[in-house]
Amino acid sequence: MPWRKGPFDLYGVHIDSEWRSDDKFARLLAAGVDFTGKHILDVGCGNGYFLYRMLGTGARFALGLDPSWHYFAQYLALEKLLGPQHCAYLPLTLDDIAPRDFDLTLSMGVLYHRREPLQHLAQLRDTLRPDGHLILETLVVDGDATTVLMPLERYAGMRNVWFLPSVAALTCWLHRLGLDLEYSGTPVPTSSAEQRKTTWSTDCSLADFMQPDFSATIEGLPPPQRVILIARKKR
Ligand SMILES: C[S@@+](CC[C@H](N)C(=O)[O-])C[C@H]1O[C@@H](n2cnc3c(N)ncnc32)[C@H](O)[C@@H]1O
């Protein structure tokens, strides 16, 4: 506890996590991401929920990286219950190791936690083979290519949020780093249907950090909305 990512059904036990990560996975599939036969890296993989979902849709191998030992413990519990699968987890970041030659690299919900977002994007690019694809999912704000929001302190209660670019600014960052944008989804507002308290995750959740009508965060900042971008590493 708490189980933030899921849900899982394990031998009759339903783990109702804070996040409906299945909603995010459905958005990846709707964006046309094909995992079949791919070697995949998931940077900031949480407890490994998406590793298993990607294997379930045909991925050949999925490696997760995440520095959280809480999530790593949950992954080890899942691994013990599900038995060895074609996936692995290292409790590390791309500052610690530099794995290479993946067909697909995912970074979901990580970019805004990084103080150096362009360095993070360059590290992600370097994990790909030529023509490999980056799947980037992150918080964005409305605006043009000159718009990037840096919260004064917290964003929706979170201390470690640094840069919230517009989709246009993010597109510019990718372009400058040698990544060709191939897909840019419509930003989706995060709702309390997708992120909420459950019996498996009883801490505060989204509704505690939003104005009652969800028009802004408790800090008076734009409400969270998330986008999926897909970019190809140039040859
Ligand atoms: C908001 S969660 C997102 C988890 C999952 N990817 C998802 O989309 O639901 C952010 C995750 O990034 C991890 N994280 C933070 N800094 C990281 C870094 N430098 N490299 C990899 N993961 C990081 C955190 O431990 C946390 O599990």
Side-chain angles (χ1 to χ4, degrees), residues 1-8 15-29 31 33 35 40-54 59 62-76 78 87-99 102 104-127 134-140 151 154-164 185 187-188 190-191 193-196 198 200-201 203-206 209 217 224-230:
M1 293 277 280
W3 285 77
R4 296 199 187 285
K5 311 296 173 180
F8 293 94
I15 298 179
D16 187 11
S17 52
E18 179 192 7
W19 281 88
R20 291 290 307 264
S21 306
D22 49 337
D23 287 357
K24 190 181 288 192
F25 195 71
R27 292 199 289 273
L28 290 177
L29 295 178
V33 183
F35 300 103
I40 302 171
L41 178 67
D42 184 3
V43 178
C45 64
N47 60 19
Y49 174 86
F50 295 101
L51 302 178
Y52 287 108
R53 293 302 308 269
M54 293 188 288
L63 172 64
L65 301 183
D66 199 299
S68 157
W69 283 77
H70 177 88
Y71 279 141
F72 187 45
Q74 292 187 342
Y75 176 81
L76 293 176
L78 293 168
C87 59
Y89 185 124
L90 295 171
L92 300 172
T93 74
L94 292 178
D95 296 331
D96 308 309
I97 50 161
F102 288 89
L104 279 185
T105 293
L106 286 78
S107 167
M108 304 195 296
V110 181
L111 189 70
Y112 50 87
H113 289 315
R114 301 292 296 148
R115 262 198 246 199
E116 307 87 2
L118 276 94
Q119 187 196 1
H120 179 66
L121 291 173
Q123 288 174 326
L124 293 167
R125 176 200 61 203
D126 293 344
T127 65
L134 171 65
I135 315 294
L136 182 67
E137 194 262 1
T138 194
L139 289 169
V140 288
R154 294 183 182 223
Y155 177 77
M158 294 182 281
R159 278 180 203 283
N160 55 350
V161 172
W162 295 95
F163 295 96
L164 302 182
V188 175
T190 305
S191 73
E194 184 171 357
Q195 186 189 7
R196 75 278 187 259
T198 71
W200 290 84
S201 182
D203 302 347
C204 294
S205 191
L206 181 67
F209 299 113
T217 68
Q225 50 176 347
R226 314 181 75 94
V227 75
I228 294 174
L229 301 183
I230 304 177

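When a ligand or atom number is given, it counts from 1 through the structure's own listing order.
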When you compare ligand 1 with [X], is there at least one nitrogen or oxygen pair between them that comes in under 3.5 angstrom?
X: Glu137; answer: no
X: Met108; answer: yes
X: Arg114; answer: yes
X: Val110; answer: no
X: Lys24; answer: yes
X: Lys5; answer: yes

Any idea which atoms of ligand 1 are less than 4.0 Å away from a heavy-atom of [X]?
X: Phe50; answer: 7 (C), 8 (O), 9 (O)
X: Val43; answer: 21 (C)
X: Tyr112; answer: 1 (C)
X: Ser68; answer: 25 (O)

Exam field: side chain [X] to backbone [Y], donor-acceptor pair closer than 3.5 Å:
X: Ser21; Y: Gly6; value: yes
X: Asp96; Y: Thr93; value: yes
X: Asp66; Y: Gly46; value: yes
X: Ser107; Y: Val110; value: no
X: Asp42; Y: Leu51; value: no

For [atom], what's the nearest protein heavy atom and its distance?
atom: atom 25 (O) of ligand 1; answer: Asp66 OD1, 2.6 Å
atom: atom 1 (C) of ligand 1; answer: Gly109 O, 3.4 Å
atom: atom 18 (C) of ligand 1; answer: Thr93 CG2, 3.7 Å
atom: atom 6 (N) of ligand 1; answer: Gly44 O, 2.6 Å

Relative to the ring of Tyr75, is the ring of Phe72 parallel (under 30°), tilted (30 to 60°) or perpendicular (over 60°)? parallel
Paired with Phe25, the ring-ring contact (aromatic ring centres under 6.0 Å, His included) test is passed by just one of Tyr49, Phe35, Tyr52, namely Phe35
Quick one: does Leu28's side chain get under 4.5 Å of Arg53's, heavy atoms only? no
Give a yes/no verdict on whether any heavy atom in Pro67 is under 4.0 Å from an atom of ligand 1. yes
With sequence neighbours left out, the residues meeting side chain to side chain contact (heavy atoms under 4.5 Å, CB included) with Arg196 are Asp16, Arg20, Thr198
Check ion pair Arg226-Glu194 (N to O, under 4.0 angstrom): no
Residue portion contacting ligand 1 (non-hydrogen atoms closer than 4.0 Å) for Tyr71: side chain
